[in-house]
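Sharing a structure, written as structure tokens. Questions coming.
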Protein chains: 2
Amino acid sequence: MARTTGSHSQKTGPRVTQSAQRLFAQYGYAAVSMRQIAAEVGVQVGALYNYTPDKQSLLFTLMQEHMSGLLAAWKIHQGPENSTALRGLLAFVDCHLRYHLPRSEAVFIAYMELRNLTAENFDHIEKMRKSYEDALEAIIKKGMATGEFKVADSKIVTLAIIGMLKEVSTWYRPDGRLTEAALIERYQTMACQLVGAGAEP
Amino acid sequence: MARTTGSHSQKTGPRVTQSAQRLFAQYGYAAVSMRQIAAEVGVQVGALYNYTPDKQSLLFTLMQEHMSGLLAAWKIHQGPENSTALRGLLAFVDCHLRYHLPRSEAVFIAYMELRNLTAENFDHIEKMRKSYEDALEAIIKKGMATGEFKVADSKIVTLAIIGMLKEVSTWYRPDGRLTEAALIERYQTMACQLVGAGAEP
DNA sequence: GTCTATAAGTTGATAGAC
DNA sequence: GTCTATCAACTTATAGAC
């Protein structure tokens, strides 16, 4: 299994992705050069093109995998179809925060770099974002139908909850005042207040 | 009052600012070149430097004026010191949305371009942002003290309300389904729900 | 105040040696 | 798989003519 001198293909690939993620999150896609990424990985710039066809693909892959992971997490986490809307809402808040809080770099990129995607890459990501939003709105509408929730406008409340949850990623630190569990509980309470649901079960 | 050929100083200055604002909002600070701004203004690149010492100042001025305007708007809008916390909260939501909704470009820049500020420029803007956040938290704490609000954690609720309000700027369009007044009312209601206040007065 | 020309450096991406 | 060398195009900012 002798390899060519200097071959590290089992390691360099992931390192390229990780370095791109870190640098894009810190400085922004447009402000980061391929040479900076190469330096972070520890190779020369030409070597990067063994792992990505171009800079744009690096960004798209990061965002696409982040959103796929989020939708997959929700699919697993949402539980049975016949549960109550209240349980669905609590699960959504729980799932959202558990997925986002340990992924601050990917979250930052996902929200900040949409405009640096090419048109077709943007459409792809936007569809995924929309389907996530729709998952929450479906819960709200269900709760309105069953009478569990008292909501004037499902669209506005959906966006308000999403906004409230997104904001957490801008300040949360793992070593902060609140544990993750305590934080989730507070946001579950606030989500319930926004939909006019009594308390937690 | 004869002017030098090609002199348009009374017009070019504002146009530089406006063009920078539009382009930074659309493509991001790092992705926009001074040549692009010049082209949008309708001058050659050298002429821009009659109006700004450098590109960074263009960004800083835009953000600084946006935040100054916001704080000034709140100073006017907040009303008498001895009013109720509930009135204060309603005024805050009203003021926030009325200021932000017609300024989508400046809002976008203010939230997206913080990391492209130099360290000292960032500190300056961050202080202003913090004082705005503090204004809301003061209202929440007052309501907790008077018993108007039932809130477990003033910091978290402050951030949740800010997050909910910020999110509006990502989708609001003046020609949308809801009038500005109707929108404000819905967000006032949701803010009241988050602080555990009864209804609007 | 605006222009053109220029400085000095960076960019994304490719070709070919090893 | 990685390197070096290279490309053409682009970057911010300045100098000096008009």
Side-chain angles (χ1 to χ4, degrees), chain A residues 1-24 26-63 109 113 115-121, chain B residues 1-21 23-24 26-62 109 113 115-121:
Chain A
M1 284 296 210
R3 285 198 165 266
T4 313
T5 305
S7 171
H8 304 286
S9 71
Q10 293 154 327
K11 295 185 172 180
T12 305
R15 281 169 58 83
V16 171
T17 307
Q18 282 160 24
S19 297
Q21 177 167 87
R22 201 193 71 71
L23 290 167
F24 289 168
Q26 184 169 2
Y27 302 110
Y29 174 78
V32 172
S33 71
M34 293 299 274
R35 277 170 182 79
Q36 272 179 276
I37 298 171
E40 177 113 343
V41 173
V43 295
Q44 293 302 311
V45 64
L48 294 181
Y49 292 88
N50 288 312
Y51 303 97
T52 180
D54 51 31
K55 192 184 169 190
Q56 170 71 203
S57 299
L58 233 33
L59 177 62
F60 178 64
T61 301
L62 287 170
M63 294 181 75
I109 292 169
E113 302 298 352
R115 63 182 162 191
N116 286 310
L117 292 170
T118 60
E120 58 189 347
N121 285 348
Chain B
M1 286 294 209
R3 283 197 168 271
T4 314
T5 307
S7 170
H8 304 285
S9 70
Q10 293 153 327
K11 296 184 170 181
T12 304
R15 282 168 58 84
V16 170
T17 308
Q18 282 160 24
S19 297
Q21 178 168 83
L23 289 167
F24 289 168
Q26 184 169 3
Y27 303 109
Y29 174 80
V32 171
S33 70
M34 293 299 271
R35 275 172 181 75
Q36 274 179 276
I37 297 170
E40 176 115 340
V41 172
V43 295
Q44 294 301 312
V45 65
L48 294 181
Y49 292 88
N50 288 312
Y51 303 98
T52 181
D54 51 32
K55 192 185 169 189
Q56 170 71 202
S57 299
L58 233 32
L59 177 62
F60 178 63
T61 302
L62 287 171
I109 292 167
E113 303 298 352
R115 65 183 160 190
N116 285 310
L117 293 170
T118 60
E120 59 190 345
N121 285 347

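The structure displayed is predicted, hence computed values, not measured ones. The sequence lines fix the lettering, A, B, ..., with proteins before strands; numbering per chain opens at 1.
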Without swapping roles, check the side chain of Y29(A) against the backbone of Q56(A) for a donor-acceptor pair under 3.5 Å. yes
Take M34(B) and T52(B) through the side chain to side chain contact (heavy atoms under 4.5 Å, CB included) test and state the conclusion after the steps. CA-CA 11 Å; M34(B) 293 299 271; T52(B) 181; 4.2 Å; yes
Distance check: side-chain N/O of Q44(B) vs OP1/OP2 of dT2(C), anything under 4.0 Å? no
Output yes when at least one side-chain N/O atom of T12(A) is less than 4.0 Å from OP1 or OP2 of dT2(D), else no. yes
Would you name the heavy atoms of A38(A) and Q44(A) that are closest together and state the gap between them?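 Smallest interatomic distance, heavy atoms only, reads CB-C, 3.8 Å.
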Between R15(B) and V41(B), is there a donor-acceptor pair closer than 3.5 Å when you use the side chain of the first and the backbone of the second?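 It does hold such a pair.
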What's the closest nucleotide to the Y49(A) side chain, out of dC3(C), dG1(C), dG12(C)?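 Nearest to the side-chain atoms of Y49(A), counting from C-beta on, is dG12(C).
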Stepwise side chain to side chain contact (heavy atoms under 4.5 Å, CB included) check, F24(B) with I37(B): CA-CA 9 Å; F24(B) 289 168; I37(B) 297 170; 4.0 Å; yes
Sub-3.5 Å pairs of nitrogen or oxygen atoms, protein against nucleotides 6-11 of chain C:
{"unit_1": "dT11(C)", "atom_1": "OP1", "unit_2": "S33(A)", "atom_2": "OG", "d": "3.2"}

Please report the distance, rounded to the nearest Å, between CG in L59(A) and C1' in dG12(C). 15 Å
Per the under-4.0 Å heavy-atom filter, residues of residues 15-23 of chain A near DNA chain C come out as none
Need to verify one output field. Residue with the more 5' nearest nucleotide on DNA chain C, V43(B) or Y29(A)? V43(B)
Between I109(A) and L59(A), is a side chain to side chain contact (heavy atoms under 4.5 Å, CB included) present by the stated rule, with each step listed? CA-CA 8 Å; I109(A) 292 169; L59(A) 177 62; 3.8 Å; yes
Identify, between A30(B) and G46(A), the residue whose nearest nucleotide on DNA chain D lies closer to the 5' end.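 Its nucleotide being nearer the 5' end, the pick is G46(A).
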Rounded distance in Å - CG (N50(B)) to P (dT4(C)): 14 Å
Any donor-acceptor pair under 3.5 Å linking the side chain of Q36(A) with the backbone of S33(A)?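 The answer is yes, because a donor-acceptor pair under 3.5 Å joins these two groups.
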Would you kindly give the CD-to-C1' distance between Q56(A) and dA13(C), to the nearest whole Å?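 It works out to 15 Å between those atoms.
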Least distance between heavy atoms, A30(A) atom then A30(B) atom: CB-CB, 3.8 Å
State whether K55(A) and E113(A) are salt-bridged, where the test is any N-O pair (Lys NZ or Arg NE/NH1/NH2 against Asp/Glu carboxylate O) under 4.0 Å.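 No.
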